[in-house]
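Read the structure below first, then the notes.
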Protein chains: 2
Amino acid sequence: MKVKGKDFRSIWVDENDDRIIKIIDQRHLPHEFVIEELTSVREAARAIRDMHVRGAGLIGVTAAYGMYLAALSAPADDFDAALAAAGDILIETRPTAINLSWAVQKQLETVRGVSSPPDKIALTLETAGKIARQDAAFSQSIGTHGLKIIEKISEAKNGETVNILTHCNAGWLAFVDYGTATAPIYAAFSRGIKLHVWVDETRPWNQGSRLTAWELGEQGVPYSVIPDNLGGHLMQHGMVDLVIVGADRTTITGDVANKTGTYLKALAAHDNHIPFYAAFPSTTFDWNREDGIGEIPIEERSADEVKYTRGWYRGEIIEVLVTPANARAVNYSFDVTPARLITGLITERGVCRADRESILDLFPERKP
Amino acid sequence: MKVKGKDFRSIWVDENDDRIIKIIDQRHLPHEFVIEELTSVREAARAIRDMHVRGAGLIGVTAAYGMYLAALSAPADDFDAALAAAGDILIETRPTAINLSWAVQKQLETVRGVSSPPDKIALTLETAGKIARQDAAFSQSIGTHGLKIIEKISEAKNGETVNILTHCNAGWLAFVDYGTATAPIYAAFSRGIKLHVWVDETRPWNQGSRLTAWELGEQGVPYSVIPDNLGGHLMQHGMVDLVIVGADRTTITGDVANKTGTYLKALAAHDNHIPFYAAFPSTTFDWNREDGIGEIPIEERSADEVKYTRGWYRGEIIEVLVTPANARAVNYSFDVTPARLITGLITERGVCRADRESILDLFPERKP
């Protein structure tokens with residue numbers, strides 16, 4: 001997508017030196033646009049853990065490239081063990097999003113049975129590139145399928161502005177390109193459909209007010225940042241036509257783990273008869289889990305993310321304390337929205353209901 | 001309540017000069033404890049509008065003292081008109097909380113028919129004092145009635161920790177003393193009941209992470225600050241036993257206007273079968289309104305409260321930008337929780353269901 005009019009993806013291989021992976025260090029957005037170079041699996045793991053990159057798709061792709069960086073420096077006589085250890089380091093960084101372990105697994109499968117280390121290295125680079133391209137292609141398809149939902153609402157409103165609420169950032173910064181929740185928005189916007197996006201701030205890390213707001217602004221999509229507390233009021237007053245969020249892990253039964261607070265918006269949408277969709281690629285499905293609330297591991301992050309807020313002050317990014325200095329704070333990063341509150345799932349294959357039967361109709365190869 | 005072990009109320013008359021009203025300037029909490037002197041109705045209005053003081057009860061009492069300050073400087077030949085104009089200035093500052101206009105009205109009634117300006121001045125001082133004492137007494141009664149609810153839960157849990165979630169600050173800083181949502185908590189804590197409070201941060205103004213956290217900490221009550229997004233997840237996992245919030249205006253049908261985001265917590269409590277109470281004095285009832293969502297005016301405040309976050313940095317309070325510089329932001333301060341989601345109302349007369357019949361049983365003098 002565009003940054004100051006120039007095309008970017010969220011991660012890419014340096015064009016002059018393919019031992020260098022480049023990312024946008026998202027901690028600096030929206031105030032500064034900083035590109036970071038990753039040259040080792042430890043740097044990749046740190047980038048994921050400390051949220052230089054984040055978002056279900058992008059942490060998967062970053063992990064895939066992290067495995068390639070690990071392969072580059074793996075000892076020839078102990079290559080596979082070194083790669084497996086690198087995978088463990090990467091998987092430990094963020095427990096909730098399933099794309100991460102999926103990408104690591106893909107890389108381990110890639111080198112299995114291949115004997116020459118140079119071949120293995122070449123294969124991990126190729127696989128990472130494939131995963132990245134597939135991620136972008138899936139996002140684009142999600143845009144095409146989700147567009148129809150927005151078009152219908154626009155028609156029903158006789159072309160009046162469609163108000164879409166989103167939580168967190170399931171934009172192109174969370175994937176490789178287009179995003180998932182944002183892909184239908186970008187598709188609709190480029191078709192000239194009048195729309196406006198309510199951007200949930202998404203405390204504590206402010207993915208909404210920092211990243212989604214910046215993304216939409218760069219593409220020229222009208223938006224307003226709102227406190228996470230506001231969505232219910234807006235829905236009660238007819239100011240929201242549609243909710244689209246992303247997903248970090250979706251059970252085969254249609255329960256969706258996404259950024260904490262998503263469940264509250266789903267409840268409000270349900271209470272006000274507003275369609276609520278989760279948009280994600282099929283790599284986000286956890287085909288083995290049935291009960292989202294009971295079974296999906298929920299990451300707990302540092303209390304300091306709650307106690308401090310990061311922002312722009314006199315030309316630099318600083319953190320201010322927003323609680324008593326000795327306050328205890330708790331910071332679960334995700335929650336689970338039960339399938340019963342979800343109108344539909346938007347995947348690269350199309351839209352389905354949030355239940356096992358509909359999901360398996362779309363992905364029949366997963367039928368037992 | 002205690003501040004560093006010393007007893008304070010949130011507003012008082014200077015002990016050496018009764019033409020000076022003293023308040024705690026809450027914009028500085030929890031980082032600094034600043035006492036401010038009010039000597040004119042304009043200063044009182046500014047203190048309310050710019051949130052040096054806030055909270056349903058306290059803005060009512062501050063308005064009552066503001067009317068007294070107006071009386072002090074009202075011209076003898078145009079006293080009543082000056083006082084009415086002062087009332088208009090005060091009422092305009094914050095439209096949602098009904099206690100404000102109620103207090104202004106009380107003061108106008110106080111001087112009606114009294115001819116001597118010195119008598120009028122003395123009466124407005126007396127009435128403001130009465131309103132303040134009544135506010136504290138009502139809060140204390142709310143504590144006594146609400147205590148029983150916490151005691152019951154504690155018994156049902158065999159004395160294990162009772163986890164109470166609250167949103168915004170309906171503490172003693174929002175009233176004159178004790179608070180409303182916090183009064184039962186303080187009462188239970190002083191009886192030795194084991195409890196822990198989940199404090200919603202309450203963006204954008206952070207009344208929770210700044211004020212409620214500070215209050216509870218000063219009294220020694222265990223608490224954890226959480227992002228506003230977290231309550232649903234905690235409720236899904238059995239980590240919340242009870243929700244108590246305040247109210248800025250309650251219809252005769254039991255709909256409750258309170259700080260924006262309250263409705264989302266009520267939905268989550270309802271979805272997880274967790275008792276949800278609103279605690280407030282009867283001065284918060286709007287006896288003439290039937291439909292909270294349709295009829296209660298909702299204050300819209302500056303977008304800058306969303307775009308900037310106030311916090312402590314290197315020994316001073318500053319504001320950091322948390323959105324793109326050119327972002328649009330929207331900031332409705334309150335939302336309405338429909339009565340159907342509310343387990344009960346805790347008032348100074350006792351606890352009742354959130355419906356007209358139960359409310360009028362408790363306040364039979366309001367029966368038509």
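All values below come from the heavy atoms of this structure, side chains included, with hydrogens, waters and symmetry mates left out.
- Among B/V322, B/T202, B/L216, B/L341, the residue making the largest number of heavy-atom pairs under 4.5 Å with chain A is B/V322.
- Among A/P30, A/P324, A/P222, the residue making the largest number of heavy-atom pairs under 4.5 Å with chain B is A/P324.
- The nearest pair of heavy atoms linking B/K265 to A/L264 is CE-CD1, 3.7 Å.
- Summarising the local packing, CD of A/E32 is surrounded by more than 12 heavy atoms from other residues, nucleotides or ligands at distances under 6.0 Å.
- Within a 6.0 Å radius of CD in A/E300, other residues, nucleotides and ligands contribute more than 12 heavy atoms.
- B/R328 places none of its side-chain heavy atoms less than 4.5 Å from the side chain of A/V225.
- When each of B/T260, B/N331, B/N326 is checked for heavy-atom pairs under 4.5 Å with chain A, B/T260 comes out on top.
- Of the two parts of B/Y308, neither the backbone nor the side chain holds a non-hydrogen atom closer than 4.5 Å to a non-hydrogen atom of chain A.
- Contacts with chain B were tallied for A/E201, A/H237, A/R210; A/E201 has the most, counting heavy-atom pairs under 4.5 Å.
- With a 4.5 angstrom heavy-atom cutoff, B/Y263 touches chain A only via side-chain atoms.
- There is no contact between A/E215 and chain B, counting heavy-atom distances below 4.5 Å.
- Per-residue counts of heavy-atom pairs under 4.5 Å with chain A were compared for B/K259, B/K307, B/H167; the largest is that of B/H167.
- Proximity to chain B is absent for every atom of A/E305, based on heavy atoms less than 4.5 angstrom apart.
- Side-chain contact between A/V330 and B/W198 is present, with at least one heavy-atom pair separated by less than 4.5 Å.
- In this structure, no portion of B/E218 lies under 4.5 Å from any heavy atom of chain A.
- Only the backbone of B/R310 comes within less than 4.5 Å of a heavy atom of chain A; no side-chain atom from C-beta onward does.
- When each of B/T262, B/D271, B/V306, B/N206 is scored by its heavy-atom pairs under 4.5 Å with chain A, the top score falls to B/D271.
- When A/D335, A/T309, A/I318 are compared by the number of non-hydrogen pairs under 4.5 Å with chain B, A/I318 comes out ahead.
- The aromatic rings of A/Y332 and B/H233 lie tilted to each other, with the angle between the two planes from 30° to 60°.
- If you measure heavy-atom distances from B/H270 to chain A, you find no contacts under 4.5 Å at all.
- No other option in B/L267, B/I226, B/V199, B/L211 has as many heavy-atom pairs under 4.5 Å with chain A as B/L267.
- Looking at A/Q236, its side chain does come within 3.5 Å of a backbone N or O of B/V336 through a donor-acceptor pair.
- Neither the backbone nor the side chain of A/L29 has a heavy atom closer than 4.5 Å to any heavy atom of chain B.
- Under the 4.0 Å criterion applied to side-chain N and carboxylate O atoms, A/R203 and B/D200 are not assigned as salt-bridge partners.
- Smallest separation of non-hydrogen atoms from A/D228 and B/N229: OD2-ND2, 3.0 Å.
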